[in-house]
Student: 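Let me give you the structure first, and then I'll get to my questions.
By convention in this document, chain letters (A, B, ...) are assigned in the order of the sequence lines, proteins followed by strands, and residues within each chain are numbered from 1.
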Amino acid sequence: MVFSFELFGQAVVTGILIGGIFALISVGLSLIWGVMRIINFAHGEFLMIAMYIAYFLVAKGGWDPYLTILITAPALFLIGIIIFQVTIRPIIKDPPINQIMLTVGLSLILQNLALVFLKADVLTANTAYTRMNFYLGGVVVRGSQLIAFVGSALAAFILYWILQKTDIGRAIRAASQNRDAATLVGINVRSTYLLAFGLGSASLGVAASLMIPFYYTSPTVGLFFGLIAYVVVVLGGLGNFIGTLVAGLIIGLTESIGASLLPGSLARVLTFGIFIFVLLLRPQGIFGGKQK
Amino acid sequence: MSLLEVSNLRRDFGGLTAVHDLTFSVEPGEIVGLIGPNGAGKTTTFAMLSGFITPTSGEILFKGTSINKLKPHQVCLLGLTRTFQIVQPFPDMTVLENVMIGAYTHHPNTVDAKKKAMEVLERINLAHKAEEQGKILTLPELKRLEIGKALATEPSLLLLDEVAAGLKDVEMEEILELVRQLNREGITFLIVEHLMKVIMNLSHRVIVLDFGQMIGQGTPAEISKNPAVLAAYLGKED
Amino acid sequence: MKIQIKKSTILIGLLLIVGFILPRFAGEYYIHISVLVLFYAYMAVSWNILGGYAGQHSLGHALFMGIGAYTSTYLFTVIGLTPWIGMWLGGAFAGVIGGFVGYLCFRYGVKGPYFALVTIALAEAAVYIVTNIPSIGGAQGLEVAWTGNAPQLMQFDGKSGYYYMILVMTIIAVWLSSWLIKRRFGYQLLSIRENEDAAEALGVNTLRLKIQATVISAVMTALGGTFFAQYFTYINPRAVFGEGPSVQILLFAIIGGIGTVWGPVVGALVLIPIAELSRGWLGGTFAGAQILLYGTVLVLTMLFMPNGILGLYHKFLGKFQNRQSDGGKSEAL
């Protein structure tokens, strides 16, 4: 394999841009996981649903992909809280294996509903942004990815602001730190969970709309992004917002630089290697976070 | 030779020192009470003696063997077993099975372990509940089960962590009588307890901790007159 | 002396008789469904030793299934080694990997959902590693060459041969599982699941036991992997290492009753015929319909009978003896 400076530069640029999206997807998972101590194994499938919504609005409805955020984010918020109310809330006190299996079951349902009704076809939305490219020396910067990066940063910042500066955010953080104490000071933990789940899901709506100009949609697309989200959240430290953002970039870079150095899809092994290493040696993440 | 010899024991957590230069010993046949205000280092000391945390420095000798670096199950095998302040039953196993887990330590065969466990259940007055599940027991029963499980490991030194907490007077007296009886049969006890009444009633000797250090020891009568102890501990007691 | 025959003994006896004479009466299609029932029962029983008894929930057990399937198939394809030997080599390989994984995880105190994540990551990593090794078939996978009716090569004409093979494997697995749980090893595993600290304080070597459980479970799962390869005659990385098989391995244990001897068998016995027959009715028009059904049953099970079919059964009998719990640690909300 010929390895050049351009190739490396390209990998770095792509890695950072994709890493931004990884970060946004993971922030939602981190919020839910950190607050409820439940890993949503259907997180990737929520993203998949959002991507289908965005895809159909763009491909069939002729929407501008970025305008679809107005639909995808509220829709995912709604889907999130409905699924939470109906399935997750009743088992919030059950043993962890039951919670894991419930969300695994949800992911099977969502994935295969898509497979049954939308078929296994890989759909690509061709938008005005799809072929918008900039050149930095020999390095191509895809406009759609740049917009996605900036949009992700903005969305993550808004989420951060909500968590830090609003009453809702303060309640969510209090509930995640100490459920009992939060109840004592009059926080309705149950509705806090609902909100956290809604917000965590809504961030996937935003991510989906940002991704649609450059990423394909398929029933199994959630599988990959779900796994990436677990990796990023664990690496960044559970509940550590900034850590999650940095970890998103690290994994983005790992994937893209790995792909330019290693043959085939072996870069993915590198990603999982990092994941396993962190889980074994620093389960609180590289930047610190909540104890498990 | 002392049964248990602790010398210059120390444990740091980050920048905090939970136990600082602790030295004491327990003789065979004694009941020793370990008291001190909250945060005095009792729990940490217990955890170190039973192998759940490793001391930062110092030495723990049990029957002349250093147990500093041993895991809890190894310490247990040597004859030092602990109970937990918050009762820790195996909720979905029967009472008999709960005790069998302890009995297996020295009786690998299930028939023998079951026999040993039944003997223990008779001792702790829970034989009639042998087939019930751990989770349906009442608190006094759970406290007795906690002792029973430990007893089944045939310990020479038993560490009891707040074995009377949360019990009514009658229930407490039953537990204390059990401890005295076991002690007469040769088991040595080191007990942590908040209730002064229990400590004064049960202990042959009391060790007082404050800020991770021993600030006094003696018979219950001596301790209740020791000015340093009164200042540090009894003054704060509610 | 009064001879006492327990109801359960009669039931097991009947099951065995039906099991052994079934191929005489059933057509190929029903034998096929029975093979699937037995195979997934076998896999669930194997998973259950680690996941149900020891309470360490592996979500990446396909790692071991894949190792078993690939080892025996590779050796058969390349040097013509009979799968009867290959399956044990695969089992040994999986046992070594299982021991290594168990040691790493449990030595570093990985537990609960984090153990589930490590196992998922390992199985996924295996998918990508195998995909990128062309000499073992890469993404295309490996095909088991058909040599005609050759029982010495684990190839049978018709489905009955496979049926009897997996029937015997399942009987042995259930027997092993019920034997283990009645002795020290089994009780100590349960105590780890119920309350690890308390178990450790009572002299249970929790680290060693968890590793042993992982190894036993891994070896058994790998043996099943060889059977899978021989029966379906084709394997690829996703089909044996992927998240699909990982979920299917544990699904029936969860639905039947986790941590019980018979739960995994009951789960497979109830669910697979329904899924297969409904697939027959729907025809091939709905790819994914079967997994959709599994997902739905899984969610409903967790919501309405969290202790599985056996848990519900015992509840109705009024002697609720579920073996599954969170150690009484769930906090009040």
Student: Can you tell me which portion of F84(B) sits under 4.5 Å from chain C's heavy atoms? Options are side chain, backbone, both or neither.
Tutor: side chain

Student: What part of L77(B) gets within 4.5 angstrom of chain C, counting heavy atoms only: side chain, backbone, both, or neither?
Tutor: neither

Student: Who are the ring pair (Phe, Tyr, Trp, His ring centres under 6.0 Å) partners of F115(C), not counting sequence neighbours?
Tutor: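 For F115(C), the residues satisfying ring pair (Phe, Tyr, Trp, His ring centres under 6.0 Å) (neighbours in sequence not counted) are F106(C).
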
Student: Is a side-chain donor or acceptor of T153(B) paired with a backbone partner of T105(B) at a separation under 3.5 angstrom?
Tutor: no

Student: Less than 6.0 angstrom from the centroid, inside 45 degrees of the normal: does K149(B) satisfy that with respect to the ring of F90(B)?
Tutor: yes

Student: Side chains of S25(B) and E5(B): do they bring a donor and an acceptor to under 3.5 Å?
Tutor: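 Looking only at side-chain atoms, E5(B) and S25(B) do not form any donor-acceptor pair under 3.5 Å.
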
Student: Select, from R183(C), R184(C), K182(C), the one with the greatest count of heavy-atom pairs under 4.5 Å involving chain B.
Tutor: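 Highest number of pairs under 4.5 Å: R184(C).
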
